[in-house]
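One structure below.
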Amino acid sequence: MILPADFYHRPTLDVARDLIGKVLVRDARSTRTAGVIVEVEAYIGEDDPACHAAPGPTARNAPLYGPPGVAYVYLNYGLHALFNAVTEPEGAPAAVLIRALEPVEGLSLMRRRRSRAPWRRGKPLVPDHELCRGPGNLTCALGITLADNRRRLTAPPLSIEDRGLTAGEIEWSSRIGISVGTEHAWRCSARGHASLSGPRTRRGPSPA
DNA sequence: CGTTCGATGCACT
DNA sequence: GTGCATCGAACGT
């Protein structure tokens, strides 16, 4: 079942927590890619210095002030489209950034898209658990672009579904990749998941 | 193991 | 002109 707009019409931290375990689905013509959301971050209001709404309304951040259940997609570092779901009532600028997915549909297409990135050309194939690890990587894998900005998330070709999956153990931590607003533990993730972004998780047995 | 840095485009000052 | 809600390779220790 596709999440209705009301799902997003709530406090952003609640939406962030509830998005863990939901499925982001990209449906274009004959191609379909999807992944289970395992890592998100909340960006809440003009008082949050890391939120794009911090400077007040501008041309870029307009979707944050709009109705909930809409995509806010912007270009970061000139290279990466980053995907957010707008939350809270209209007029309250806030969103949840999707940072990582566990790929579940269209893995070969994801791998093709990821391999086509300039810095990936001629490199070994991307392992499954890295296909959607990181906010820039998952938009690449799902083919989400700036053209999806302001798109409603309540119908194809871009939507988030509840498939009744159990989210596992949920963990809150500091948001990463930002220089301000790190005092808020507004990053929410499925603990220990292989697709989490950020510093590489320690592999193998820890020394006794 | 850790830190640095280039690629690359656009909104904002 | 400056600074990013990044990525991953290249370096230093």
Side-chain angles (χ1 to χ4, degrees), chain A residues 12-13 15-16 19-20 24 35 37-66 70-88 93-101 103 110-150 172-189 194-207:
Chain A
T12 304
L13 294 178
V15 177
L19 278 175
I20 303 295
L24 178 58
I37 298 171
V38 297
E39 180 187 352
V40 301
E41 283 175 357
Y43 290 86
I44 310 174
E46 296 178 349
D47 291 335
D48 173 5
C51 181
H52 281 187
T58 67
R60 179 178 66 161
N61 67 25
L64 293 176
Y65 290 83
V70 167
Y72 171 52
V73 183
Y74 72 97
L75 191 66
N76 192 45
Y77 290 96
L79 295 167
H80 308 287
L82 268 53
F83 171 79
N84 300 255
V86 175
T87 59
E88 311 263 354
V96 175
L97 169 72
I98 310 299
R99 289 194 60 91
L101 310 174
M110 290 182 185
R111 189 168 288 108
R112 206 175 318 143
R113 286 171 171 152
R114 289 292 313 281
S115 302
R116 169 169 93 211
W119 54 87
R120 271 285 181 182
R121 231 169 287 164
K123 297 285 181 185
L125 292 182
V126 184
D128 289 357
H129 72 279
E130 291 184 13
L131 285 172
C132 300
R133 184 174 73 186
N137 285 334
L138 74 90
T139 55
C140 177
L142 268 60
I144 295 171
T145 70
L146 295 184
D148 294 301
N149 192 29
R150 296 175 176 269
W172 291 94
S173 56
S174 292
R175 295 176 294 182
I176 59 183
I178 54 176
S179 55
V180 291
T182 51
E183 67 275 16
H184 297 122
W186 287 351
R187 174 176 180 238
C188 187
S189 58
S195 290
L196 297 187
S197 65
R200 296 297 162 264
T201 55
R202 203 161 308 208
R203 277 177 297 279
S206 49

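Chain naming here is simple, since letters A, B, ... match the order of the sequence lines and numbering starts at 1 in each.
The pairing partner recorded for C:dA5 is none, the criterion being a Watson-Crick or G-U wobble arrangement whose two distances lie under 3.5 angstrom. Under the Watson-Crick or G-U wobble criterion, with both distances below 3.5 Å, B:dT8 is left unpaired in every strand shown.
Judged by closest nucleotide on DNA chain B, A:H80 is the one of A:P55 and A:H80 placed further toward the 5' end.
Close to C:dG8, at under 4.0 Å from its OP1 or OP2, lies a side-chain N or O of A:R114.
The base of C:dA5 sits within donor-acceptor range of the side chain of A:H52, with an N or O pair under 3.5 Å. With hydrogens and angles ignored, a donor-acceptor pair closer than 3.5 Å exists between the side chain of A:N84 and the base of C:dA5.
Within the 4.0 angstrom heavy-atom criterion, base atoms lie near A:G78. A:L97 comes within contact range of at least one nucleobase, with a heavy-atom separation under 4.0 Å.
Taking only side-chain atoms of A:N137, from C-beta outward, the nucleotide of B:dC12, C:dC7, C:dC4 with the closest atom is C:dC7. Of the candidates C:dC7, B:dT8, B:dC10, C:dC7 carries the atom nearest the A:P135 side chain, counting heavy atoms from C-beta on. Listed nucleotides: B:dC10, B:dT8, B:dC12. Nearest to the side chain of A:L79: B:dT8.
For the P atoms, the distance from C:dA5 to B:dT13 is 13 Å, rounded to whole Å.
A:N84 contributes atom CG, which lies 7.0 Å from atom CG of A:L64 (distance to the nearest 0.5 angstrom).
Here A:Y77 does not pack flat against the base of B:dG9, since the 5.5 angstrom centre distance and 30 degree tilt limits are not both met.
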